[in-house]
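Working notes, beginning with the structure itself.
No hydrogens, no waters, no symmetry mates; every other heavy atom, side chains included, goes into these values. The sequence lines fix the lettering, A, B, ..., with proteins before strands; numbering per chain opens at 1.
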There are 2 protein chains.
Amino acid sequence: MEVSSLLQHTVDEHLRADGDLSYVQFQILARLSDAKDGKLRMTDLADGVVYSRSGITYQAGLLEKRGLITRSPAPDDERSVIVTLTDAGRALVAQVLPGHVDVVRRLLFEPLQQRDLTTLNDVLGRVRDHMRAAPPRSAKPRARRGRTG
Amino acid sequence: MEVSSLLQHTVDEHLRADGDLSYVQFQILARLSDAKDGKLRMTDLADGVVYSRSGITYQAGLLEKRGLITRSPAPDDERSVIVTLTDAGRALVAQVLPGHVDVVRRLLFEPLQQRDLTTLNDVLGRVRDHMRAAPPRSAKPRARRGRTG
DNA sequence: TCTACTTGCTTCGGATTCGAAGCGTGCTGT
DNA sequence: ACAGCACGCTTCGAATCCGAAGCAAGTAGA
C-alpha cells in the first residue's frame, strides 16, 4: 500500500509538469487515442476509468474547455454523447506519453525480471476473472456519508 | 488498473456499511491499534498512509469528533500531537476487521496460490527497495493546478 | 398510443483531498 | 542570548470526486 501510492504520486507529478494533466485526464485521452477514430461514448470512458458518470462529465468538461476533446450527440442514439479527440488532444498525448512510459519503466518495470512480469500478468488475470465471476455489486444504502451530527 | 479499483471500491463499501468508516479512516485506526499503547504522532500517521499533513489533520478531526481517538500534546516535544485510540475506537476496529479481512480474502487472496503470494511479496519488495534507493522527490513548481481561466 | 421501465448524461450538494502559507516550537552556530 | 533554519501541525482556498436526483431519449408490453 506504499509502492502503489508512490508510483501514483510520481506519475501524477510528471503528467502535471509535462502536460498539465491529471492522471485521470491522461487516462481519458489515452483511451480515446487508442479508440477507432478517437471516438468513444461517455459511458465507455466511465467504465474504462472506473469513474462515476458524474466524474466523467466533470473531466470531459475540463478537457473540452482546453480544446483537447469535443462532445457531440451520437447520430444513432440521441441520448449518447460522443467524445472525440481533437488534434490538439492527440498532440498532447504524443508529447506526454514517452515521459510517462519512461517514469513507469524506471519505477516499476526496471526492478522486475521478465519472469516476474509473466507471473504478475498471470496472477492479476486470475484475480480479474475471479472478480468478474462474482461481482460484488450490492451498494446497500446503509450508513450514508454524512453523519447526522 | 481495474482489479485494484474494484477491490478498493468493494472494501470502501464494506467499511462504510459496517462501521461508517472510509478506507483511510480505517487505515488510521488500524495503524493505531497496531501501535504500542495505541498512540502515534500525527506525522507518523501521515507517513504511514501517504497522506499530506493537512489530510491527516482533517481526518483526525473527524475521528476525534466521533470519539474514536483523542489528540493531546506530546510531553517531550511541545510541537507534536499524540493521537490515542480510545476504547470506542478499538471496539470499532474489532467490529469491522473480521469482515474486512474476509472481503479482501474473498476478492484477492482466494484466487491465488501460496506460490503466487510468495512471488508477489518478493516482487513488491524489490520494487519498494528500488523506489527507496532513488526517491523521485522533486516537486517542480511548474504548471500549477488551476489554469488561469 | 399510453404507461412503465431502462439507459445516458448532467446538475447539485457535500465530502475528501492537496499544496501553500501561517504559527509555534526546537535546534544550531555564533 | 540571538538569528536562522528545521520541524510539526493547522488553516485556507481550490480541485476533484462521488451519489442522489433530475431530465431526455429509447424500449417493451398492453
Side-chain angles (χ1 to χ4, degrees), chain A residues 5 8-10 12-13 15-17 20-28 40-47 49-66 69 71-83 137-149, chain B residues 5 8-9 12-13 15-17 20-28 40-47 49-66 71-83 137-149:
Chain A
S5 38
Q8 182 67 51
H9 190 266
T10 308
D12 267 10
E13 221 166 56
L15 291 174
R16 187 73 69 183
D20 200 14
L21 288 173
S22 69
Y23 178 57
V24 178
Q25 290 171 339
F26 172 72
Q27 275 184 299
I28 294 175
L40 282 177
R41 294 184 310 157
M42 296 285 279
T43 291
D44 297 329
L45 282 176
D47 288 347
V49 189
V50 161
Y51 248 7
S52 61
R53 303 288 131 102
S54 49
I56 284 291
T57 295
Y58 174 72
Q59 289 295 347
L62 295 182
L63 292 174
E64 192 177 32
K65 246 186 236 160
R66 289 177 62 184
I69 64 168
R71 275 187 287 188
S72 50
D76 59 335
D77 187 337
E78 202 59 38
R79 294 168 303 178
S80 297
V81 171
I82 299 291
V83 178
R137 316 218 173 262
S138 47
K140 317 161 195 167
R142 266 174 70 190
R144 309 267 269 351
R145 235 138 156 157
R147 258 105 30 268
T148 342
Chain B
S5 37
Q8 183 67 53
H9 190 267
D12 267 11
E13 221 167 56
L15 291 174
R16 189 71 71 183
D20 200 15
L21 288 173
S22 69
Y23 179 57
V24 179
Q25 291 171 339
F26 172 71
Q27 275 184 300
I28 294 174
L40 282 177
R41 292 184 311 156
M42 296 286 280
T43 291
D44 297 329
L45 282 176
D47 288 347
V49 189
V50 160
Y51 249 7
S52 61
R53 303 287 130 100
S54 48
I56 284 290
T57 295
Y58 174 72
Q59 288 294 349
L62 295 184
L63 292 174
E64 192 176 32
K65 247 186 235 160
R66 288 178 63 186
R71 275 189 287 189
S72 50
D76 58 335
D77 188 338
E78 202 59 37
R79 295 169 301 178
S80 297
V81 170
I82 299 292
V83 178
R137 317 217 173 262
S138 47
K140 316 161 194 167
R142 264 175 73 192
R144 308 269 267 357
R145 232 132 161 167
R147 259 108 24 274
T148 341

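- Note that the CG atom of Leu15(B) and the CD atom of Gln27(B) stand 9.5 Å from one another [nearest 0.5 Å].
- The distance from atom CG of Asp44(B) to atom P of dC7(D) is 14 Å, rounded to the nearest whole Å.
- To the nearest angstrom, P of dA15(C) lies 12 Å from CD of Gln25(B).
- Going from atom CG of Leu62(A) over to atom P of dT10(C) covers 13 Å, rounded to whole Å.
- Counting to the nearest Å, the P atom of dA15(C) and the CG atom of Leu15(B) are 19 Å from each other.
- Residue-to-nucleotide contacts include a donor-acceptor pair under 3.5 Å from the side chain of Arg79(B) to the base of dC7(D).
- Contacts of Tyr58(A) with the nucleic acid, taken as non-hydrogen atoms under 4.0 Å apart, include base atoms.
- Atom OH in Tyr23(B) sits about 23 Å away from atom P in dA15(C), given to the nearest Å.
- Here the shortest heavy-atom pairing between Arg66(A) and Asp20(A) reads NH1-O, 2.7 Å.
- Here His9(B) does not reach the OP1 or OP2 of dC17(D): none of its side-chain N or O atoms lies under 4.0 Å away.
- For dA15(C), neither phosphate oxygen OP1 nor OP2 lies less than 4.0 angstrom from any side-chain nitrogen or oxygen of Gln59(B).
- Separating the OG atom in Ser22(A) from the CG atom in Asp12(A) is a distance of 7.5 Å, to the nearest 0.5 Å.
- Each of Ala60(B) and Tyr51(A) was matched to the nucleotide of DNA chain D holding its nearest heavy atom; the match closer to the 5' end belongs to Ala60(B).
- What separates CD of Gln8(A) from P of dT16(D) is a distance of 14 Å, to the nearest Å.
- Partners of Glu78(A) by side chain to side chain contact (heavy atoms under 4.5 Å, CB included), not counting sequence neighbours, listed by chain and number: Pro73(A).
- Atom-to-atom, CD of Glu13(A) to C1' of dT17(C) comes out at 16 Å; the value is rounded to the nearest Å.
- For the pair Arg53(B) and dC18(C), the criterion of a side-chain N or O lying under 4.0 Å from OP1 or OP2 is not met.
- The residue Ser80(B) sits close only to the backbone: its heavy atoms come under 4.0 Å of sugar-phosphate atoms, none of a base.
- Secondary-structure annotation of DNA chain C gives the stems C:1-30 with D:1-30, with a stem taken as at least 3 successive Watson-Crick or G-U pairs whose two distances both fall under 3.5 Å.
- Between Ile28(B) atom CD1 and dT16(C) atom P there is a gap of 11 Å when expressed in whole angstrom units.
- The phosphate of dG8(C) has OP1 or OP2 within less than 4.0 Å of a side-chain N or O from Arg41(A).
- Shown here are the side chain to side chain contact (heavy atoms under 4.5 Å, CB included) partners of Arg53(B), two or more places apart in sequence or in another chain: Thr43(B), Ala46(B), Asp47(B).
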